[in-house]
Number of protein chains: 2
Amino acid sequence: MTLDREQVLRSAAALLSRKSTATMDEVARAAGIGRATLHRHFAGRDALVRALENLGIQEFEAALDAAALDEGSAEEGLRRLVIAVEPAAGLLSFLVTENQLFEGDDLNEGWDRLDARVAAFFRRGQESGEFRIDLTPAWLTEALYALIGAGAWAVQVGRVAGQDFPHMIAELLLGGARRSVEQ
Amino acid sequence: MTLDREQVLRSAAALLSRKSTATMDEVARAAGIGRATLHRHFAGRDALVRALENLGIQEFEAALDAAALDEGSAEEGLRRLVIAVEPAAGLLSFLVTENQLFEGDDLNEGWDRLDARVAAFFRRGQESGEFRIDLTPAWLTEALYALIGAGAWAVQVGRVAGQDFPHMIAELLLGGARRSVEQ
DNA sequence: CTCATTTGAGACGCCAATGTCTCACCGTGG
DNA sequence: CCACGGTGAGACATTGGCGTCTCAAATGAG
């Protein structure tokens, strides 16, 4: 019996990534459980979102670990990160837009840590000479999040093939749209 | 007397860009009018959002016209577009996320036209050899929207200086984060 | 098998926001 | 001066979703 809390969170993430205004009832149905049961495990919508936040933070952190950003070139690190983060892209996109709604009073401090890790990665890339220095690490971090969200959305609605997700994001973020001479 | 409908829409856009869940009452207060008056001019929240949609489409279209994407190099065209779109960035960002909520049944056809114009611009850039061809026009279009939204947000919360908005977006989209040899 | 625990379904009450309405007020034009 | 159209403030009913509760059924442990 013992409800699989993890599984409920997964399906909630999948649903809310697509429809961020989904009802508690819809979330419950999507998870194949009753609304009452959902409420027994998550005190309310806030608690559910916070649990999803923790899940998202945990997954993004795992992706950062798996990417081993310190090893090899910064470019390779970024490619590994994008690949590692793909499964969590939808959830992260949902959480980012959700966070933008709050006034910042009860922001989960986990985001700061993640932001710092990503920004530090870009900064290292700049210091090693791989990344240009006229784009700030903070902006590159924001841009990475935005492109991950856009990529997840584009795949969702079928504008981009799912298999192209890592390539589209990493290539655009690294090399931009301009056709460079070296190609 | 005769309420300035345009001005009401402007302040509503400014408020909703920051807080997309703002109440009709908050929107009215922000415009300096009563809630009843707001309802007299916009039948409901839906009508208000649709009016904002038309405003956003109109402004984006105007930005596309002003950018004269056909003149000069594609790169210059893109830079002009980003500059021209900046004033409407917040509104567009709000509308994009708002659109993602709907199932697509009552989507304003104006977006298709705009998407087509932007995608056609990227395609021309590819055909002229300026833009790389491994990133699809559809993806470049989505990426442009995402970066505009991220830029507006980053400026909003102070992570990026307002004056850097065009440079950050255009440079990242054109050249990416990689430090190229030509620099 | 029996019992304790958990679940699903539904019935509430509650609350915030919406949409409508009334009424007093005020500016403007006649 | 006065009539009129538009406005602000507030009252009101409605709606949709939330959170709580109850109870019968199902499930699993012992």
Side-chain angles (χ1 to χ4, degrees), chain A residues 1-56 91 94-95 97-106 108, chain B residues 1-56 91 94-95 97-106 108:
Chain A
M1 204 171 271
T2 312
L3 182 61
D4 187 352
R5 184 187 168 98
E6 184 81 5
Q7 198 279 330
V8 172
L9 281 178
R10 296 282 167 194
S11 64
L15 173 59
L16 289 171
S17 299
R18 278 179 284 119
K19 185 181 177 186
S20 62
T21 59
T23 299
M24 287 296 274
D25 190 74
E26 292 174 297
V27 173
R29 304 272 167 194
I33 64 177
R35 197 167 67 94
T37 305
L38 179 62
H39 260 96
R40 281 187 197 103
H41 288 268
F42 302 96
R45 193 189 181 74
D46 287 354
L48 176 63
V49 171
R50 213 166 304 174
L52 283 173
E53 204 170 25
N54 290 332
L55 178 64
L91 174 57
F94 160 70
L95 292 174
T97 61
E98 193 78 2
N99 269 344
Q100 291 183 180
L101 297 181
F102 291 167
E103 250 69 77
D105 28 346
D106 58 347
N108 192 319
Chain B
M1 206 168 265
T2 313
L3 182 61
D4 187 353
R5 183 186 169 98
E6 184 80 5
Q7 197 280 327
V8 171
L9 280 178
R10 296 281 168 196
S11 63
L15 173 59
L16 289 172
S17 299
R18 277 177 286 118
K19 185 182 176 184
S20 61
T21 59
T23 298
M24 288 295 274
D25 190 75
E26 292 175 297
V27 172
R29 303 270 167 198
I33 64 177
R35 197 167 67 95
T37 304
L38 180 61
H39 260 95
R40 281 188 197 102
H41 288 268
F42 303 96
R45 193 190 182 74
D46 286 354
L48 176 63
V49 171
R50 213 166 305 173
L52 283 173
E53 203 170 27
N54 290 331
L55 178 64
L91 174 58
F94 160 70
L95 292 175
T97 61
E98 193 80 2
N99 268 345
Q100 292 183 179
L101 297 182
F102 292 167
E103 251 70 76
D105 29 346
D106 59 346
N108 191 318

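Owing to the predicted nature of the structure, the values given are computational and were not obtained by experimental measurement.
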**Study point:** Polar side-chain atom of B:E26 near backbone of B:T23 as donor-acceptor pair, under 3.5 Å
**Key:**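 Yes.
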Exercise for review: Measure from the side-chain N and O atoms of A:T37 to the backbone N and O of A:I33, and report whether any donor-acceptor pair falls under 3.5 Å.
Suggested key: no
Practice item. Could you check whether B:R45 gets within reach of a base, just the sugar-phosphate, or nothing at all, counting any heavy atom under 4.0 Å? Key: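 Here B:R45 touches the backbone only, sparing every base.
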d([atom1], [X]; [atom2], [N]) in whole Å:
X	N	atom1	atom2	answer
B:D46	C:dT18	CG	C1'	11 Å
B:L38	C:dT18	CG	C1'	12 Å
A:H39	D:dG19	NE2	P	4 Å

Check your understanding: Among C:dT22, D:dG19, C:dA9, which is the nearest nucleotide to the side chain of A:A36?
Key ->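 Among C:dT22, D:dG19, C:dA9, the one nearest the side chain of A:A36 is C:dA9.
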Point to revise | Minimum-distance nucleotide to B:R40 side chain [options: C:dT20, D:dT22, D:dA9] | key: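 For the B:R40 side chain, the nearest candidate turns out to be D:dA9.
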Check your understanding: Where each residue is assigned the nucleotide of DNA chain D containing its nearest heavy atom, which of A:F42 and B:G34 is assigned the position nearer the 5′ end?
Key -> B:G34
Heavy-atom closest pair, residues [X] and [Y]:
X	Y	result
A:L9	A:L52	O-CD2, 3.5 Å
A:L16	A:A22	CD2-CB, 3.8 Å
B:A47	B:A43	CB-N, 3.7 Å

Check your understanding: Quick one: does A:V8's side chain get under 4.5 Å of A:H41's, heavy atoms only?
Key -> no
Practice item. Check whether any side-chain heavy atom of A:F42 lies under 4.5 Å from a side-chain heavy atom of A:R5, and answer yes or no. Key: yes
Exercise for review: Please work out which residues in residues 21-31 of chain A have a non-hydrogen atom less than 4.0 Å from an atom of DNA chain C and list them by number.
Suggested key: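 Nucleic-acid contacts, sorted: none.
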Practice item. Give a yes/no on whether any side-chain N or O of B:H41 is located under 4.0 angstrom from OP1 or OP2 of D:dT7. Key: yes
Considering only nitrogen or oxygen atoms on both sides, find all protein atoms under 3.5 Å from nucleotides 11-15 of chain D and state each distance.
none

Review point. Does a donor on one side chain and an acceptor on the other come within less than 3.5 Å for B:N99 and B:N108?
Key: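 Side-chain D/A pair, B:N99 to B:N108: absent.
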Point to revise | Residue pairs involving residues 28-44 of chain A (criterion salt bridge (charged side-chain N to carboxylate O under 4.0 Å, His left out); sequence neighbours excluded) | key: A:D25-A:R29
